[in-house]
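Chain letters run A, B, ... following the sequence lines, proteins first and then strands; every chain starts at 1. Remember, predicted model here, so these are calculated numbers, not experimental data. Any value given below was found using the heavy atoms of this structure, including those in side chains, with hydrogens, waters and symmetry copies removed.
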Protein chains: 2
Amino acid sequence: MTAKANPVPSVWARQQSAPDQPALSRASIVREAIVMLDADGIEALSMRKLGARLNAGATSLYRHVATKDELMELAVDEVAAEFTVPPPGSPWRAAVTEAAVSFRATALGHPWLSAVLGQAGLAYLGPNLMAYSERLAALFSDAGFPEPSRAIDTVLSYVIGMSTTEAAWLITVTRSGKTEGDLIASLMPAAQQAAAGHDHLAGAYADAAVHAPVDPVALRDEKFFYGLDVVLDGLEMRLPR
Amino acid sequence: MTAKANPVPSVWARQQSAPDQPALSRASIVREAIVMLDADGIEALSMRKLGARLNAGATSLYRHVATKDELMELAVDEVAAEFTVPPPGSPWRAAVTEAAVSFRATALGHPWLSAVLGQAGLAYLGPNLMAYSERLAALFSDAGFPEPSRAIDTVLSYVIGMSTTEAAWLITVTRSGKTEGDLIASLMPAAQQAAAGHDHLAGAYADAAVHAPVDPVALRDEKFFYGLDVVLDGLEMRLPR
DNA sequence: CGCAGCTGCGTACAGTGTTCGCATCGAAGG
DNA sequence: CCTTCGATGCGAACACTGTACGCAGCTGCG
């Protein structure tokens, strides 16, 4: 604010609620926060930078959001809108697989999600997460599971664990600036040295080095579906015939 | 540094490497950091406070530890020493169960572990984590699994996911200052209201309210073992007869 | 004795989340 | 039309944070 208030009441001088930027609302704040989180990771998001992006001062955000933690909760539930569960009536195994795949996809697309969930867990009661849980519950109880909530917890734990590990790896890849394959290659010497004396690990690394040219993405996909099928097989055994 | 150097060369005036505090070593720094993390959580650990606890200035720590992130890596591997895997030759199902239980026990005993793993993943190559992986690999390959690493990833993903969720909940409990049962009771109204319109969830909450007096710890244990058995059943199917 | 090198630390810098009080502004009420 | 009022934005400030830098002192070696 270098120039003091201009006494000329020109209509043109007055900006009518900022033409491009839609004011400054809770929704726009959350949306832009997610953009920043996706682009630069969880530690690049600060209230000041976020305010700057919205053509607003840092502290203005607090008119719409109580605290940064609350903002993160809102961001989590916002991306949780991407979770999908097929409608009731679908064959349960395919349906659960799709629900798991959609969770993993958004966790990998927003790698900060896992970190936030790891710090605060499922105390979040946002509407989108609730809807996801509800539809999962409907799915499992329609399928005839005697303890639907147990089944849900089991498959969600697996999916969360695997996705968290994958997301953390993706963050490392992004930070390194290399491609996934190059980073693996550059990490191999250290890994092999650390595995010295550990016969099984050393063998596994040696095998991995041989099959190095395999597409890392396809390999991760295969790993995910292998474990998911294991879990679903175990659950299927508990389905009364 | 109020008083200048005392010229009297008294033996008693000179502290011989601080009798109680063992100097200031990487090991002592990591050990004290874990104590602080366990006591007050991940966000209560700052380099200044940690230095103060060790009767040292904040920046002295950087002589032994390159960065705070590296300190966290060291802390993770230090608590990873608590992971146990039964020696080869044990029946595989009981052995894997024990390995899973020990992981969960340390994750719940050090609730900050999950948050750190969630942010940085398994890029950690510390010796204790390596040893854990190695012994798990030995276990699964002795048991005759055709793809030991797939099996390990599956069970570890489940254990990590479940433990992370539990640890986050425990952090919430600790922060609230209430007992686990009291916190659940005080959260029920909000949860039920959020579940309004979601029939299955509302039903589940209603059931939970009826069985409220059940010990929450026992309930969590049961949930954990239910899912673990599901995963192990699914794996057992893949064991060549 | 002199000289390295290692260790501790005071200072400083660039940031962080959040509070507080002031300015502005659109709408409502007389 | 003027006034009041609630909502909104924001500059300044506070108490922190991780960490770089350079200076002091101690220790062991030649």
Side-chain angles (χ1 to χ4, degrees), chain A residues 1-11 13-18 21-29 32-33 36-37 40-75 112 116 119-120, chain B residues 1-11 13-18 21-29 32-33 36-37 40-75 112 116 119-120:
Chain A
M1 192 63 66
T2 56
K4 194 66 193 309
N6 184 348
V8 180
S10 164
V11 191
R14 281 203 28 243
Q15 50 185 1
Q16 48 173 356
S17 75
Q21 295 291 358
L24 188 61
S25 65
R26 170 175 288 208
S28 66
I29 291 174
E32 193 65 24
M36 291 186 66
L37 286 167
D40 300 319
I42 201 172
E43 61 208 5
L45 178 68
S46 80
M47 300 301 272
R48 278 177 244 263
K49 290 182 198 159
L50 178 55
R53 282 248 201 162
L54 293 163
N55 295 44
T59 64
S60 306
L61 308 175
Y62 285 89
R63 293 285 173 195
H64 307 267
V65 154
T67 186
K68 192 187 181 185
D69 285 349
E70 183 185 297
L71 172 59
M72 297 304 285
E73 283 193 42
L74 293 171
W112 47 271
V116 178
Q119 275 181 328
Chain B
M1 191 66 65
T2 56
K4 194 66 192 312
N6 185 348
V8 180
S10 162
V11 191
R14 283 205 23 246
Q15 49 185 4
Q16 47 175 356
S17 74
Q21 295 291 359
L24 188 61
S25 66
R26 171 176 286 207
S28 65
I29 291 174
E32 194 65 24
M36 289 185 68
L37 286 167
D40 300 318
I42 201 170
E43 61 209 4
L45 179 68
S46 79
M47 298 303 269
R48 279 177 242 262
K49 289 182 199 158
L50 178 55
R53 279 249 203 164
L54 293 163
N55 294 45
T59 63
S60 307
L61 309 175
Y62 285 89
R63 293 287 173 192
H64 307 265
V65 156
T67 185
K68 192 187 182 185
D69 285 348
E70 183 185 296
L71 172 58
M72 297 304 285
E73 283 193 41
L74 293 171
W112 47 272
V116 178
Q119 273 179 327

Engineer: In whole angstrom, what separates A:Leu50's CG from C:dT16's P?
Structural biologist: 11 Å
Engineer: So which heavy atom on B:Trp112 is nearest to which on B:Ile42, and how close?
Structural biologist: CB-CB, 4.2 Å
Engineer: Is any side-chain heavy atom of B:Arg63 closer than 4.5 Å to a side-chain heavy atom of B:Leu24?
Structural biologist: no
Engineer: Given B:Leu61 and B:Leu71, is the side chain to side chain contact (heavy atoms under 4.5 Å, CB included) satisfied, shown in steps?
Structural biologist: CA-CA 10 Å; B:Leu61 309 175; B:Leu71 172 58; 6.0 Å; no
Engineer: Would you indicate whether the side-chain heavy atoms of B:Asp40 and B:Leu45 approach each other to under 4.5 Å?
Structural biologist: no
Engineer: Looking at D:dG18, does its base get a donor-acceptor pair with the side chain of B:Thr59 below 3.5 Å?
Structural biologist: no
Engineer: In whole angstrom, give the distance that lies between atom CG of A:Leu24 and atom C1' of C:dG26.
Structural biologist: 17 Å
Engineer: Could you please name the option among D:dT19, C:dG17, C:dG8 that lies closest to any side-chain atom of B:His64?
Structural biologist: C:dG8
Engineer: Tell me, which stems hold DNA chain D, with a stem being 3 or more Watson-Crick or G-U pairs in a row and both distances under 3.5 Å?
Structural biologist: C:1-30 with D:1-30
Engineer: Quick one: are B:Leu37 and B:Val116 in side-chain contact, heavy atoms under 4.5 Å?
Structural biologist: no
Engineer: Considering only side-chain heavy atoms of A:Met47, which listed nucleotide, D:dT19, C:dT18, C:dG8, is closest?
Structural biologist: C:dT18
Engineer: Between A:Ser60 and D:dC10, does any side-chain N or O lie under 4.0 Å from OP1 or OP2?
Structural biologist: yes
Engineer: Got a donor-acceptor contact below 3.5 angstrom from the A:Ser25 side chain to the A:Ser28 backbone?
Structural biologist: yes
Engineer: Under 4.0 angstrom, heavy atoms only, what part of the nucleic acid is B:Leu45 near: base, sugar-phosphate, or nothing?
Structural biologist: sugar-phosphate
Engineer: Looking across every strand, which nucleic acid part, if any, lies under 4.0 Å from A:Ala56 by heavy atom: base, sugar-phosphate, or nothing?
Structural biologist: sugar-phosphate
Engineer: Counting distance only, does the side-chain N/O of B:Arg26 pair as donor-acceptor with the main-chain N or O of B:His64 below 3.5 Å?
Structural biologist: yes
Engineer: From the set D:dT19, C:dG17, C:dG8, return the single nucleotide nearest to any side-chain atom of A:Arg48.
Structural biologist: C:dG17
Engineer: Atom CG of A:Asn55 and atom P of D:dT8: how far apart are they, to the nearest Å?
Structural biologist: 19 Å
Engineer: Counting just side-chain N and O atoms, does B:Lys49 come under 4.0 Å of either OP1 or OP2 of D:dT17?
Structural biologist: yes
Engineer: May I have the distance from A:Ile29 (atom CD1) to D:dC10 (atom P), rounded to whole angstrom?
Structural biologist: 11 Å
Engineer: Please figure out whether A:Ala66 or A:Ala44 has its closest DNA chain C nucleotide nearer the 5' end.
Structural biologist: A:Ala44
Engineer: Taking CG from A:Leu61 and P from D:dG11, how many angstroms apart are they, rounded to a whole number?
Structural biologist: 12 Å
Engineer: Looking at B:Ser46, I'd like to know whether one of its side-chain N or O atoms comes within less than 4.0 Å of OP1 or OP2 on D:dC16.
Structural biologist: no
Engineer: Whole Å only: how far is the CG atom of B:Asp69 from the P atom of D:dT19?
Structural biologist: 7 Å
Engineer: Round to the nearest Å and state the distance from B:Lys68 atom NZ to D:dT17 atom P.
Structural biologist: 9 Å
Engineer: With a 4.5 Å cut-off on side-chain heavy atoms, are B:Leu74 and B:Ile29 touching?
Structural biologist: no
Engineer: May I have the distance from A:Arg63 (atom CZ) to C:dC25 (atom P), rounded to whole angstrom?
Structural biologist: 16 Å
